[in-house]
Amino acid sequence: MRWMVIGATGTLGREVAAQLTARGADTVRTGSADLDLTDARAVASAVADRRPDVVVNCAAWTAVDLAETEESEARRVNGEGPAHLARACAAAGGRLLHVSTDYVFGGGPADSGRPYAEDAEPGPRTAYGRTKLEGERAVLAALPGTAAVVRTAWLYGREEGGFVHTMAALAREPGRTVEVVDDQHGQPSWAPDVAARIIALGALPAARAHGVFHATGSGRTTWHALAREVFSLTGADPDRVRAIDSSRLRRAAPRPAWSVLGHARWAAAGLPAMRHWRTALAEALTGVPHPPTAHSAEPKGL
Ligand SMILES: NC(=O)c1ccc[n+]([C@@H]2O[C@H](COP(=O)([O-])OP(=O)(O)OC[C@H]3O[C@@H](n4cnc5c(N)ncnc54)[C@H](OP(=O)(O)O)[C@@H]3O)[C@@H](O)[C@H]2O)c1
């Protein structure tokens, strides 16, 4: 079985490709320098030449704020690129697993309290979200019954960079305090867990593994509580993390107040929901997957 990982130089794509390689899978990996997703002809011939059984699309324009002023460029990668890829897969007979985002939902405070189901009505409020939704729709329309859209959120990888590792670095600076927003809710998702989940889907027959899935950590938290957990796991005093309101931070693209995704559809694929975000975070930072500690009330069944 041959896999092709598009966007294999990014946080998630690197992890998907590494796990496939570690399992001895025949894996073709591409970054933007090898294959530009916006080039329909190049995409068609890359897929036709390599004939992958499963294509995993981790490539995206992920500069959320910049997309507000460069929406047409973001659309070329996030909307049109997946459409080229889906057509190429349809022509060559391969399956497509396409990664998407919580930003396809409105994420407004009015939605708070209930996780977004996989079939909840999208309503993006940012250019990034709009372009990613176009990509999702193009993929599902071109490959009905075989393609999967895998939405993730609050993604962090093994390496330095990103929110979690930045907080861990700040925690190691003696006496350093940080201010973090406490009015945005979501589900931290460790790239190795998301990658394993994508690979598990690709290994299943398409009949059981098509449609929309939410690959986010179970439970939920806020950025502030996440930062406190990172400080605790790093051996630093979590009270060095101060809570602030989102209105203190000016961003070109509004950040969702509510990014909690439901996990009910995993049952259709015969898979459990992903593990609790806190268990994964402990493994990411200490190498040991501690079970979650219950110091915040979290809804069950996510
Ligand atoms: N990061 C998050 O918190 C988060 C949250 C929710 C959803 N997601 C979704 O998860 C997926 C992976 O995100 P990530 O954080 O791993 O992304 P990332 O680290 O920013 O990597 C993006 C990847 O896309 C590739 N790429 C960009 N433009 C391209 C083009 N024109 N043609 C081909 N490849 C192109 C990049 O290639 P080069 O590096 O070679 O240029 C890179 O491999 C995306 O679908 C994203 O929307 C991410």
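When reading the values below, keep in mind they use all heavy atoms of this one structure, side chains included, and skip hydrogens, waters and symmetry mates. Being a predicted model, the structure only gives us computed values, none of them experimental. We count ligands from 1, going down the list as the structure has it; atoms in each ligand are counted the same way.
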Closest approach of any protein heavy atom to atom 4 (C) of ligand 1, naming residue and atom: Leu155 CB, 3.8 Å
Nearest heavy atoms of Asp102 and Ser259, plus distance in Å: OD2-OG, 2.7 Å
Atom 17 (O) of ligand 1 - nearest protein heavy atom and its distance: Thr62 CG2, 3.6 Å
Row check, Trp3 ring normal vs Arg50 NZ/CZ: under 6.0 Å, within 45°: no
Those atoms of ligand 1 less than 4.0 Å from some heavy atom in Cys58: 11 (C), 12 (C), 44 (C)
Residue and atom name of the nearest protein heavy atom (relative to atom 11 (C) of ligand 1), distance in Å to one decimal: Val99 CG1, 3.5 Å
Atom 6 (C) of ligand 1: nearest protein contact (heavy atom, Å): Thr152 O, 3.1 Å
Protein residue, atom and distance nearest to atom 22 (C) of ligand 1, heavy-atom basis: Ala60 O, 3.8 Å
Which of the ligand 1 atoms, numbered from 1, are nearer than 4.0 Å to a heavy atom of Ser32: 29 (C), 30 (C), 32 (N), 33 (C), 34 (N), 35 (C), 37 (O), 38 (P), 40 (O), 41 (O)
Min N/O separation Leu37 to ligand 1 under 3.5 Å: yes
Heavy atom of the protein closest to atom 43 (O) of ligand 1 (residue, atom name, distance): Thr9 OG1, 2.7 Å
Any N/O pair Gly7/ligand 1 closer than 3.5 Å: yes
Protein heavy atom at shortest distance from atom 31 (N) of ligand 1: Asp36 OD1, 3.0 Å
